[in-house]
Amino acid sequence: MEQLLSQLNEQQREAVVNTEGPLLILAGAGSGKTRVIAYRIAFLICEKGVPPWNILAVTFTNKSAQEMRTRVQRLLQGQELSSAPWVSTFHSLCVRILRQDIEQLKESYSRTFTIYDQDDSLRLIKNAVKDLGYDDKHLGARSVQSAISSAKNRGEDVEAFAARADYVDERRAAIARVYKTYEERLHANNALDFDDLMIKTVRLLRNAPEVRDKYNRKFRYILVDEYQDTNSLQFALVSLLTQQQQNICVVGDEDQSIYKWRGADITNILNFEKHFPNSKIIRLEQNYRSTQTILDVAGAVVKRNTERKGKNLWTSNPPGERVRYYQAFDAEAEARFVASKIREHRNEQPNIRAAVLYRTNSQSRVFEEAMRRAGLPYNIVGGFSFYERQEVRDIIAYLKLALNPTDSIALQRVINSPPRGIGKQTLEEIDRRARDFGLSIWETIALVIEKPDGLSPRAVAALKNFRTIIYHLAELAGAPLPRGTGVRGPRRGSPAGVLDPPVGDAQGAFNSESFASPDEHAQDAHATLAQVAHVTLSDSPVSDVVKAAILDTGYEIALKSEKTDEADARLENLQELVNAAVDYDEQGVEGLREFIDHSALSSDTDQYKSEVPVTLLTAHSAKGLEFPLVFIVGLEDGLFPHSRSATDPAELEEERRLCYVAITRAEKYLYVTHAMKRRVYGEELASEPSQFLNEMPLEMIEDLTMGKSWLSFARGSTTIDYPQDEPHKEKRKYMGKTYDSVDSIAEFFKLRGQQMGNTRGSSPPIVTKSAPRRSPGAPPLAHPQDEGGTSDFVPGSYVRHAKYGRGLVLRREGVGDSTKLTVSFPGHGQKKLVQKYANLESA
DNA sequence: TAAAGAAAGTTTTTT
DNA sequence: ACTTTCTTTA
């Protein structure tokens, strides 16, 4: 341990050895935060003799949890440990607690509850919107989902939400009714959505003193990573868990707070000392990751934020090279540039790892393509994960059904996939009857099989077939379902663990008939966590059940008979799913349930290989990672910063922090690029450089663009700093001929025309050399061709609308009569208007 | 009922 | 541009 401690600097060491009482570690980017947490855990175990199971470390993503586990493991190598410390995400921690104790909540949820991911929850909301008779045009399921989610995260239940929805606000009242139905149906399905996982856990700990006490005694030392991103529920959870011992250590950095949109509450970290009296604060300000230049650039950008305490991040690393800049013609050219630079770097340093950071996942496609073309193996983080693929979700749905057939979302998903003759008509009829009798769909199927009442024999046969498949899977899983109309589940079965494996008969699962009815078995609601984790009663491995879900359902045959490349790829994915299941082969229902939980809670592919030359990811998912070579791409106005943040200064600051996070991922080399035009929704749009580029010290940037670029214009003029709070007054001064991307495109064509000896073609007007720089974000001048009258309505200018009043033009699309403007009106939100009909005047 | 074709919505970031 | 959902047709 002595030797371990000597590898840390003074502040880091302080952070490690101060194990007792509340501790706030303010850790700047690259200051060795993960290292400190790992050492701290090792220190607690080795030096303080704390048993590993008394330690809990919570992170936000699976990726960082995994990283943490590996680090701790490496430090403790050689140590014989009886168990590992709990390192988990907030959500998986909640799942583990709820799987154990949710019945103490007395809300008639059973421990066999199903987790609904965002997609499942969206389906449920869609159904609810439809069944309540609302027009899904007016009440988009997605926006309802986000309204409900943020209500939940504010701690507003249905009643509170409805109370705030007075009769004036019809839309809100409608959402309130959907919210109510949604909650009822979640409950009827014995299902919890992501937000519920937090909510129910907090409620459980609040309302059940004995449960709270149990976990307080269990988790004697708690660490929370990325504390600046915690929301009020997560704060409540942490407070409840540390009520008794107060050994709470949180690590965070206000400059890296990028999840306010998801309810993160920065005051959690700012008021830590108030929440936890007698707390210590330690600052980690030495950066070990980046060159001085990269750090300076990052600092210059984030300095523009006003909502900030500020800190003194320094490094003893060499200055390194300048940041490199490239202005690409379009998104494809940008990707080609990045790929070729990565190859150049790898020629110099064969094993250098590169990352491409973009604002939105939709940008990843071009880069994938370019990497493939350049023969660079790449790894893509986020986007559609493995578990989000249709075929994988289908098989998971079968598995969910085997454990909980009342899960109507899973049932609807697979009842007819692969096609087995249960069509829309049949489903609607069943749905109607289910509602009439107040039964779940599964229960109704049983009813219909006995009393078809007008349903075609063919449909009944198909339903029977489907039911047999589920019966079979349930038996194989070691959780046999009662035959006939008898139904169990949270609503009628005994609440405790009816779905749990039969105790004391290892053969049970294989002998399907003998377990047609569930055995009575002792259920200790207060079983210890260890007991739950090691229930190994049924003999069938998880992978066998997964295989059965692929084969016995006819899924494989259906795919094989398709004989398309796509079907083959799907089959391969399913093989991959079986492989994943092999890892979970600790047998039995608990193993299967854990497997399913994992699939719901892992959004990013965890088999992310760090040795791969190139990693493609969003700036958000890059947080916590570092790469010697980093490309920040798409630095364009409206993209990064994103246009959705244009109207709110606080949101713009969050975008800036995101940019800060992106820059500080780089160790040695940083490239920043933008394209002059880009396709958005299939439409080609000219794009302006990001204001964040302008906030970087220009002398620290090297221009790699062939010919003229935005940067060369920017350099040609004196830098004008306008005060943060009053940008508009200053900006309006620059009304001379300015840079904009149309001119740059003109420049590009001219240049290319010269290179190719081609002087023909209608070159747009060329920009004058002496052009002063326009500060990005300022109103660009009208293009020469639309001079007069309407030419003022360009992005950045203000207009007046008869109904909405004064608004800011954000985007302009199309030409002539079809010109559309996206305008943001304070109090009315963004509107898309056809310029010809909108009767706008400039304001 | 299922497959094929047409229309509409989509993209901010994530557990 | 791409994907999901609605509509038509075999």
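Naming: A, B, ... by sequence-line order, numbering from 1 per chain.
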Next on the checklist: For a quick check of understanding: with a heavy-atom distance under 4.0 Å over all strands, which category does R142(A) fall into, base, sugar-phosphate or nothing?
Outcome noted: sugar-phosphate
Write down the protein N/O and nucleotide N/O pairs, taken from nucleotides 8-10 of chain C, whose separation is under 3.5 Å; answer none if there are no such pairs.
none

Next on the checklist: With a 4.0 Å cut-off on N to O distance, would you call R570(A) and E562(A) a salt bridge?
Outcome noted: no
Checklist entry - Under a 4.5 Å cut-off applied to non-hydrogen side-chain atoms, are M198(A) and N153(A) in contact? => result no
Next on the checklist: Counting the atoms with a prime plus P, OP1 and OP2 as sugar-phosphate, which does F60(A) contact under 4.0 Å by heavy atoms, base, sugar-phosphate, or nothing?
Outcome noted: sugar-phosphate
Checklist entry - How would you label the contact of N361(A) with the nucleic acid (heavy atoms, under 4.0 Å): base, sugar-phosphate, or nothing? => result sugar-phosphate
Next on the checklist: Using whole Å, what does the distance between atom C1' of nucleotide dT14(B) and atom NE2 of H642(A) come to?
Outcome noted: 15 Å
Checklist entry - Taking CD1 from I115(A) and C1' from dT14(B), how many angstroms apart are they, rounded to a whole number? => result 16 Å
Checklist entry - With under 30° as parallel and over 60° as perpendicular, where do the rings of Y259(A) and W261(A) fit, or are they tilted in between? => result tilted
Item to check | Contact pattern, 5' to 3', of nucleotides 1-7 of chain C - B, S or - by protein heavy atom under 4.0 Å | outcome: B-S-S--
Checklist entry - Between atom CD in Q234(A) and atom C1' in dT14(B), what is the gap in whole Å? => result 11 Å
Checklist entry - More than 12 heavy atoms of other residues, nucleotides or ligands under 6.0 Å from CD of Q425(A): is that the case? => result no
Checklist entry - Nearest of dT1(B), dT14(B), dT11(B) to any side-chain atom of W261(A)? => result dT14(B)
Next on the checklist: Considering every strand and a 4.0 Å limit on heavy-atom distances, what is the contact class for Y259(A): base, sugar-phosphate, or nothing?
Outcome noted: sugar-phosphate
Next on the checklist: One thing to verify: whether E684(A) and R679(A) come together as a salt bridge, which I'm taking to mean a side-chain N less than 4.0 angstrom from a carboxylate O.
Outcome noted: yes
Checklist entry - If you look at every strand shown and take non-hydrogen atoms under 4.0 Å, does Q425(A) touch a base, only sugar-phosphate, or nothing? => result sugar-phosphate
Next on the checklist: Nearest to the side chain of P419(A), heavy atoms from C-beta on, is which of dA2(B), dT12(B), dT14(B)?
Outcome noted: dA2(B)
Checklist entry - I415(A) has an atom CD1; how far is it from atom P of dT1(B), in whole Å? => result 12 Å
Next on the checklist: By the 4.0 Å heavy-atom rule, please label T618(A) as base, sugar-phosphate, or nothing.
Outcome noted: sugar-phosphate
Checklist entry - Taking the side chain of T426(A) as its heavy atoms from C-beta onward, which of dT13(B), dT1(B), dA2(B) lies nearest to it? => result dT1(B)
Checklist entry - So do L205(A) and L241(A) actually touch side chain to side chain, heavy atoms under 4.5 Å? => result yes
Next on the checklist: Students often mix this up, so state it plainly: with edges at 30° and 60°, are the rings of F640(A) and F692(A) parallel, tilted or perpendicular?
Outcome noted: perpendicular
Checklist entry - With a non-hydrogen cut-off below 4.0 angstrom, is D117(A) in contact with a base, only sugar-phosphate, or nothing? => result nothing
Item to check | Between C1' of dT14(B) and CZ of R359(A), the distance in whole Å | outcome: 12 Å
Next on the checklist: Please give the distance between the P atoms of dT13(B) and dT4(C) as a whole number of Å.
Outcome noted: 15 Å
Checklist entry - What integer distance in Å separates L463(A):CG from dT1(B):P? => result 11 Å
Next on the checklist: Can a side-chain donor-acceptor contact be found between S121(A) and D193(A) if the only test is distance below 3.5 angstrom?
Outcome noted: no
Checklist entry - Can you say whether the rings of Y358(A) and F367(A) are parallel (under 30°), tilted (30 to 60°) or perpendicular (over 60°)? => result parallel
Checklist entry - Regarding E254(A) and Q256(A), is there a side-chain donor-to-acceptor distance under 3.5 Å anywhere? => result no
Item to check | Interatomic distance where CD belongs to E655(A) and C1' belongs to dT11(B) [whole Å] | outcome: 13 Å
